[in-house]
Amino acid sequence: MDHNGSSVMPPQSVAEAEALVQRLYKVATAKTVSDINDQLLRLQHSAEGWQLADALMSSDDPTVRFFAANTFTVKLNNDGPKLDDDTARAIQMRLITWLVRSSRQGEGAMVIRKLCSTLTTYFVRSPVLWERPLTHVGLSLQTGDAVNEQNLADVRAEHVSEALDGSLLVILLWFSATIADEVSKVDTNSSAHAKIHQQMEEIVKDASSILATAFRTRDPKVRAEGLKAFLTWVNYAQPVWPRKPESLQHLRNLVELAAQALVDPALQHDALDIFRDILESYTSFFQPQHMQLLGRIVSEHVQPKLLQALEEGDPEGLPYGQMVIAFGVANIQDVVEEPQTSESAATIVKLHFDILRAPGYPGDEDEIAVLSIEFWNTYVEYVNDTVFSQNAGEPSPPWLAYAKSALTQLVELLWLKMCTPPANIAKEWTDAEHDGFKEFRLDATDLMLSIFVCLGKDMLQQLVTLITQSLNNKQWRAVEAGLFCLNVLADNVLEDQAGEDILAGIFNSSLFRDVGDFTQTIPSQARRTAIDVLGSYGQYIERHAEFLPDTVRFLFASLETGLLASTAAKAIAALCAACRGSLTGELDGFLQQYKSFLDGPTSEPYTKEKVIGAIAAIIQALKPESAKVRPLLSLIETVEKDVQLAMASNASGDHELAELVGVMALNCLASIGKNLQQPEDVPINIYDDDEQTSSVPSFWASGEAQGVQQRIVGCFSVLQVLGNDGDAIEAACQVLRSGFAETEPGPFVLPASVTVTFLQQCSITTPQLESVLSTACILITQHSNSGSERIPAEVTAICEQVASFMQQMGNSNLDPSVAQGCIDIFGRLIPCYLHLLFIAGSTLSHQLPMILQFTLQAIENQDIFPRRSAADLWAKLISQLSADPQGNISQVIQAYGPQLALSLMRQIGGMGQRSELDYLSDPLKALIANVPAAKGWLEAALFSNGFSAVTDRVGDAEKRRFLSQLIALRGNGRKTKELVREFYAACRGTVVSYG
């Protein structure tokens, strides 16, 4: 053999092969290990592999014997199906001989298990049917040598297994489990493997007899292995025998014997895991009598152990809890519907209550409580599904009253379990324990949502009562847990008018006065959750303005506290947005509080942005429009101060502070603009068209109002020092966009020239240039809508600037995001502003060839987004041919159509990505439907060298067939896309041929 430069010489004898295997397990370099592996794999795949494996089984080294068994496996996998019958039977006997011999010589589990696996491979890969492998191996183990398979006719597996001592019976159980496990991986739908699975229906008879023997022995090791083998057979049966009850029954008959391990202290934990596994994954395996048996075991044996573990906080109670949970979920119908007549059902509900009553915090020492949520989710889901599937007028099920009572108890237990630990306990927790507790609270509140569907306002009343009682007793962790639940239920509660009066119990209480009194010692978490409640129930407070003073005072007080500032700012924003109409009378006070807040330590970018936006929302609700000027200028003044500070900081060399303050100023300005927008939930006046508002000059066109806009635009001066800061550019774009969304004049509805000037001040290297281009796109789109003012001069200026960007880039590869933005600008010209490109003698008309060439190059760009935009532009442009009296578009298509056809064919021929084909089909459909010359262009493209350079997998006949079918479809959308996908697959070689 040629060792091909390897550092390891090929072995020339069995002894050298043995030494090579031993070298593999010694310390060596990675290259040496790789070279050894290569040599050994060659040996295993060689014709001499059978003899080598047999010879190496005699080695004194167990690692060598393991390698030998593995070599048998490799040979069987590669050559097994090609063996003749006599050779196959000889190998079978040899493998059994080695298993028997190894078992007699005290071989370790590693090699024995490998031999069991090898025998299983023989069973699967041999051309000769092995009818009774378990009994065959069992009898051979009993007699001490491999027996002939013909001697098994009258042998019963039960007698064979009973005659084996414990160690040999364990080996037979290993073999049994291995067969079930390995055959479960064999495709059940393959005709080649049908006989194997059919044979398993016979083998299970012997397997069940052997398992029964194992379960009757007194040896705990044998019984433990029996349990494992039993589970493996059940796992095999689940997907394979759903309609084979006679085969399944052999395993079901073992349940009572196997269940005895559940009451055996030596085997109980293993048995609990195995029965829990089956309950969770294959509930229907157990028949009614089995469930009754398991129910008795849970009541008489599992329950005492679980209660003791819960009382003592013993983590060893976990498997008992998991068994109770699994049994409850598997029998949920009985648990819900028969709690007063079924002993096991009553026990399950009681134990789940006991789990939640146990001391400890979920995620820390109480893992069972976390797992119990699964049972209660299943319980509530069953109740809700049953109740809501009833027909109208149908009486409630008799068990519903008990179920509601149980769920009411559950709400209180969950509430108590969700209470946060005292600080001295929490500070000792690891990150994993903190995360575990948070996860439990989230899971528990999800469960609360499901319970609310069943209990409704009764549950809301229960929570409010628990909160107010805890508040009276100053039990702040309990108050916080209740508020946490209330917060999660907000969307559901606010949908139901019945909850209005109940919520008053919270808002009429001293809660917000107490948490707003920072002289009281109250956990920060309680104050933070109270803030969240205000944000969530803004709609309720809007309808009950009497609660606003206490809540707003609390929020502004919290704003000055470091740990609460961000949460408070977020809640202030939500509350003011929801209650803007009710807070206009408090506006002057808010402005004064905001100015005081700006001088405090919690005045940070996030909090400033949220609070200034909240005050802007109140300003939006003022009537008439002129009333908005004074408070709005007061807010803008604070922004101007930040702009001045940023410019002064930059001048003094503190560029970091200049960037921080300047970006913050623009973000605050954007927040003002966003919150001054008309709320989405304002009623629409269906008589708007009948009102003669157009004859009444808008206030925002007056000189006073224009002064406001000049102050807003003046804040953009900060870009003189932050023009290369991407965050500043993005914030400025947000300011401009805030006016685009308005349908009526307003302070942020700025002249189009402002956006144009902003774009013109950018260069190709401006960071976030794509955001500026996107903003310009939106401007063009807004002024293309029906009834909107047309702005041809501004659009022309935008296009000229964008064309200069294209010219500087040369092609879209330089910056794909900017290239896409540029192409999108020209796509937005269609149809309202398309004529601007063809004005004779204009700058744009001279730039047009460069623009069109840029878009064609983008179609062949590696980046998908410029390609999509370019394809979309050409599809729209071609579709405008029917509205082209001057023939300008026709001239463009005639000039660039052949190149467009080639670019599209190259992409469809395999250069493009499959996900892009629908986008590329659009201009292709437009060409075929609108341009008679398109057929010739496409034919020339398909037979060009440019297309041949992409793919040689389709011949001339396939190309002609594709083209004729394409033309015949005449731009039919769905069918064209299907045809393109088929041709693409042929060009890429993912289908055999096209046609």
Side-chain angles (χ1 to χ4, degrees), residues 823 827 830 852-853 855-862 864 866-882 884 887 889-995:
I823 296 169
I830 302 169
L852 295 172
Q853 195 63 41
T855 62
L856 288 172
Q857 290 173 348
I859 291 178
E860 302 214 31
N861 191 329
Q862 293 180 351
I864 62 174
R867 184 188 309 147
R868 289 182 179 183
S869 294
D872 181 64
L873 183 147
W874 279 100
K876 290 178 179 177
L877 184 63
I878 297 167
S879 299
Q880 292 295 307
L881 277 168
S882 59
D884 180 36
I889 301 174
S890 179
Q891 291 178 30
V892 167
I893 302 305
Q894 291 299 320
Y896 292 93
Q899 187 177 348
L900 173 63
L902 176 59
S903 295
L904 291 174
M905 288 301 98
R906 280 166 57 82
Q907 294 297 310
I908 293 168
M911 274 188 67
Q913 298 180 22
R914 192 178 189 281
S915 60
E916 300 302 298
L917 295 179
D918 285 356
Y919 296 94
L920 295 166
S921 296
D922 290 337
L924 183 62
K925 290 183 295 180
L927 275 174
I928 294 169
N930 296 281
V931 184
K935 180 180 179 182
W937 297 341
L938 293 170
E939 183 174 17
L942 284 169
F943 289 91
S944 69
N945 293 332
F947 184 84
S948 301
V950 174
T951 180
D952 58 0
R953 290 189 173 95
V954 290
D956 292 352
E958 286 92 346
K959 293 176 187 178
R960 291 192 180 92
R961 188 181 307 116
F962 169 64
L963 180 61
S964 63
Q965 290 173 327
L966 201 59
I967 299 300
L969 291 174
R970 301 184 62 80
N972 179 289
R974 181 180 59 81
K975 291 183 178 179
T976 297
K977 290 178 179 179
E978 291 176 359
L979 183 65
V980 165
R981 282 194 287 268
E982 291 170 5
F983 186 68
Y984 174 85
C987 292
R988 291 292 291 262
T990 55
V991 296
V992 176
S993 64
Y994 172 77

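These values consider heavy atoms only, across backbone and side chains, with no hydrogens, waters or symmetry-generated copies.
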*Asks:* What's the spacing between S921 OG and E916 CD if we round to 0.5 Å?
*Replies:* 11.0 Å

*Asks:* Under the criterion side chain to side chain contact (heavy atoms under 4.5 Å, CB included), I'd like the reasoning laid out for R988 against T951: C-alpha separation, chi angles, the key distance, then a yes or no.
*Replies:* CA-CA 7 Å; R988 291 292 291 262; T951 180; over 6 Å; no

*Asks:* Rounded to the nearest 0.5 Å, how far apart are SG of C987 and CD1 of I908?
*Replies:* 9.0 Å

*Asks:* Hey, can you tell me if F947 and F983 have their rings parallel, tilted or perpendicular (30° and 60° cut-offs)?
*Replies:* parallel

*Asks:* Is any side-chain heavy atom of L917 less than 4.5 Å from a side-chain heavy atom of K977?
*Replies:* no

*Asks:* State, to 0.1 Å, how close R970 and I928 come at their nearest heavy-atom pair, and which atoms those are.
*Replies:*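 Looking at all heavy atoms of both residues, the closest pair is CA-CG2, 3.8 Å.
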
*Asks:* So how far is it from R961 CZ to L966 CG, rounded to the nearest 0.5 Å?
*Replies:*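 CG of L966 is found 14.0 Å from CZ of R961.
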
*Asks:* Do the side chain of S869 and the main chain of P866 share a donor and acceptor less than 3.5 angstrom apart?
*Replies:* no

*Asks:* Going by the side-chain contact (heavy atoms from CB on, under 4.5 Å) test, name the single residue among V950, L942, I859 that passes it with R906.
*Replies:*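 Passing option: V950.
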
*Asks:* Shortest non-hydrogen contact from W937 to Q894?
*Replies:* CZ2-OE1, 3.7 Å

*Asks:* Does R868 come within less than 4.0 Å of D872, counting only side-chain N to carboxylate O?
*Replies:* no

*Asks:* Kindly indicate, with the supporting measurements, whether the criterion side chain to side chain contact (heavy atoms under 4.5 Å, CB included) is fulfilled by N930 and S882.
*Replies:* CA-CA 8 Å; N930 296 281; S882 59; 5.7 Å; no

*Asks:* Got a second to check how far I830's CD1 is from K876's NZ, nearest 0.5 Å?
*Replies:* 6.5 Å

*Asks:* Are side-chain heavy atoms of L920 and V980 found at a separation under 4.5 Å?
*Replies:* no

*Asks:* Quick check on salt bridge (charged side-chain N to carboxylate O under 4.0 Å, His left out): which of K975, R974, R981 does E978 satisfy it with?
*Replies:*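 Exactly one option meets the salt bridge (charged side-chain N to carboxylate O under 4.0 Å, His left out) with E978, and it is R974.
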
*Asks:* Testing the basics here: between Y984 and G910, what is the closest heavy-atom pair and its distance to 0.1 Å?
*Replies:*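 Closest approach of Y984 to G910: CE1-CA, 3.9 Å.
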
*Asks:* Looking at OG of S903 and CH2 of W874, how far apart are the two atoms once the value is rounded to the nearest 0.5 Å?
*Replies:*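 Atom-to-atom, S903:OG and W874:CH2 are 9.5 Å apart.
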
*Asks:* Give the intermediate values and the outcome of side chain to side chain contact (heavy atoms under 4.5 Å, CB included) for residues Q853 and Y896.
*Replies:* CA-CA 8 Å; Q853 195 63 41; Y896 292 93; 3.8 Å; yes

*Asks:* Does Q862, at its CD atom, have more than 12 non-hydrogen atoms belonging to other residues, nucleotides or ligands within less than 6.0 Å?
*Replies:* no

*Asks:* So, does D922 use its side chain to make a donor-acceptor pair with the main chain of A875 at under 3.5 Å?
*Replies:*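 Judged by distance alone, no pair lies under 3.5 Å.
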
*Asks:* Ignoring hydrogens and angles, tell me if any N or O in the side chain of R953 forms a donor-acceptor pair with the backbone of A986 under 3.5 Å.
*Replies:* no

*Asks:* What is the distance from atom CG of L963 to atom CD of E958, rounded to the nearest 0.5 Å?
*Replies:*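 Nearest 0.5 Å value for the CG-CD distance: 13.5 Å.
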
*Asks:* Ignoring hydrogens, what is the shortest heavy-atom contact between I893 and P898? Give both atom names and the distance.
*Replies:* O-CD, 4.4 Å

*Asks:* So, for L902 and S944, which heavy atoms are closest and what is the spacing to 0.1 Å?
*Replies:* CD1-OG, 3.4 Å

*Asks:* Taking all non-hydrogen atoms of both residues into account, name the closest pair between S948 and K959 and its distance.
*Replies:*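 Looking at all heavy atoms of both residues, the closest pair is OG-NZ, 4.3 Å.
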
